[in-house]
**Q** 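Got a structure for you, questions after.
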Amino acid sequence: MPYITGTFLDGSDYKKLITKKTRILRMFREENMARKHFLTLNLSNLSSSENIEAILFGESPHLTQEHLNEIAKCTKLKELTLHTSSDLDFSVLNQTNIEELIITFDCEADPCQSIAELKTLKKLRVKFKTPGLEFTNPIHQSLELIPTSVEELCINGPVSDFNLSRLEHLKLKHLTLENLPTCELNFSVEMAQNLEGLYIMSCEHIGFLHSWPFKGSKNLKILNFSGSSWDAIDVEDFCEIESLKRVLFSDIFSLFVSDRKNLKITSPGWQPYKECFGEF
């Protein structure tokens with residue numbers, strides 16, 4: 001019978017049976033139950049379980065290209081979460097049904113080059129975990145290669161020279177930006193009007209944010225700017241978005257409108273902040 005085998009960091013063995021009924025492999029849960037991390041894993045028998053739809057790894061092991069090649073043999077795969085210290089070639093997943101891909105890198109990498117081949121991808125989360133380092137890798141230059149099928153995108157980590165214009169080809173419903181270094185976020189009207197959720201969290205030294213591209217939005221429901229610092233935010237047009245019911249904010253001293261006295265607040269999410277607004 002086919003098994004996934006491996007070893008834990010303490011040298012003990014790991015063995016898990018997989019069958020045709022196996023649809024989800026929660027490898028992070030295997031670690032939690034054993035209360036120890038993986039050192040090695042042998043995934044060569046994955047293809048024996050032809051109905052696997054999701055594989056969710058924790059922080060260990062750091063997957064290699066060999067691991068990914070074995071995962072790619074699961075042609076019904078829809079969801080994959082992994083941690084790696086290698087710039088992997090994700091194009092090997094192009095024969096799967098991959099819809100959700102969550103990657104944590106402990107290295108400089110540009111996954112967009114190979115992710116471009118994944119035409120069924122809907123949700124992409126890319127995190128660079130190395131602290132205190134502003135990467136100069138080319139990911140900021142290849143964001144336009146993210147497949148147009150992606151509707152939810154998260155970029156998390158010290159990625160230099162981030163530019164929203166490289167995402168204009170996407171019809172994003174949810175955009176999350178976390179832990180970015182100094183940058184300007186200039187939204188086009190098309191991108192702003194399509195968004196349902198905008199999450200800009202733990203970003204430092206973000207410049208001036210205009211709300212006018214979001215004016216009259218019928219889709220925007222959530223703004224989460226927790227932990228981010230701004231030069232200033234013009235919130236006037238945000239305040240009139242009736243669908244915007246949830247607003248989370250830390251830097252209340254950056255909120256400005258042109259005329260507090262005549263400001264109309266029809267957004268339920270902005271009501272708690274109405275006394276915080278400054279005037280330009």
**Q** Mind checking who shares a hydrophobic cluster with L39, ILVMFWY linked at side-chain heavy-atom distances under 4.5 Å?
**A** L9
**Q** Assigning hydrophobic clusters by single linkage (Ile, Leu, Val, Met, Phe, Trp, Tyr; side-chain heavy-atom cutoff under 4.5 Å), is L56 placed with I103?
**A** no
**Q** With sequence neighbours excluded, what pairs up with E66 under the salt bridge (charged side-chain N to carboxylate O under 4.0 Å, His left out) test?
**A** none
**Q** Kindly state whether the ring of F214 and the ring of F187 have centres lying under 6.0 angstrom apart.
**A** yes
**Q** Is any side-chain heavy atom of F57 closer than 4.5 Å to one of I71?
**A** yes
**Q** Does any pair with a residue in residues 186-198 pass side-chain hydrogen bond (donor to acceptor under 3.5 Å, both in side chains), and if so which ones, sequence neighbours excluded?
**A** E168-S188, K171-E190
**Q** By side chain to side chain contact (heavy atoms under 4.5 Å, CB included), which residues pair with T22, not counting sequence neighbours?
**A** I18, T19, L25, S49, I52
**Q** So, using salt bridge (charged side-chain N to carboxylate O under 4.0 Å, His left out) as the criterion, who are the partners of R23 when residues are at least two apart?
**A** none
**Q** Tell me yes or no: between the side chains of D251 and S229, is some donor less than 3.5 Å from an acceptor?
**A** no
**Q** Quick one: side chain to side chain contact (heavy atoms under 4.5 Å, CB included) partners of S85, sequence neighbours excluded?
**A** H62, D106
**Q** Under the rule for side chain to side chain contact (heavy atoms under 4.5 Å, CB included), what residues qualify as partners of K73, not counting sequence neighbours?
**A** S47, E70
**Q** Apply side-chain contact (heavy atoms from CB on, under 4.5 Å) to the pair K21 and N51, showing each step before the final yes or no.
**A** CA-CA 7 Å; K21 293 183 179 180; N51 293 313; over 6 Å; no
**Q** Mind checking the CG-CG spacing from L118 to L101? Nearest 0.5 Å is all I need.
**A** 7.0 Å
**Q** Could you pull out all residues at least two apart from A116 that satisfy side chain to side chain contact (heavy atoms under 4.5 Å, CB included)?
**A** L145
**Q** Enumerate, atom names and distances included, each donor-acceptor pair closer than 3.5 Å involving a side-chain atom of residues 197-210, sequence neighbours excluded.
**A**
{"unit_1": "Y199", "atom_1": "OH", "unit_2": "H174", "atom_2": "ND1", "d": "3.2"}

**Q** Can you give me every donor-acceptor pair (side chain of residues 233-240, partner residue at least two apart or in another chain, under 3.5 Å) with its distance?
**A**
{"unit_1": "D234", "atom_1": "OD1", "unit_2": "E236", "atom_2": "N", "d": "3.2"}
{"unit_1": "E236", "atom_1": "OE1", "unit_2": "S258", "atom_2": "N", "d": "2.8"}
{"unit_1": "E236", "atom_1": "OE1", "unit_2": "S258", "atom_2": "OG", "d": "2.8"}
{"unit_1": "E236", "atom_1": "OE2", "unit_2": "S258", "atom_2": "OG", "d": "3.2"}
{"unit_1": "D237", "atom_1": "OD1", "unit_2": "K215", "atom_2": "NZ", "d": "3.4"}

**Q** Who are the ring-ring contact (aromatic ring centres under 6.0 Å, His included) partners of Y3, not counting sequence neighbours?
**A** none
**Q** List the residues meeting ring-ring contact (aromatic ring centres under 6.0 Å, His included) with F8, not counting sequence neighbours, and say none if there are none.
**A** Y14, F38
**Q** Rounded at 0.5 Å granularity, tell me how far CG in N179 sits from CG in N156.
**A** 5.0 Å
**Q** With a 4.0 Å cut-off, would you call K76 and E53 a salt bridge?
**A** no
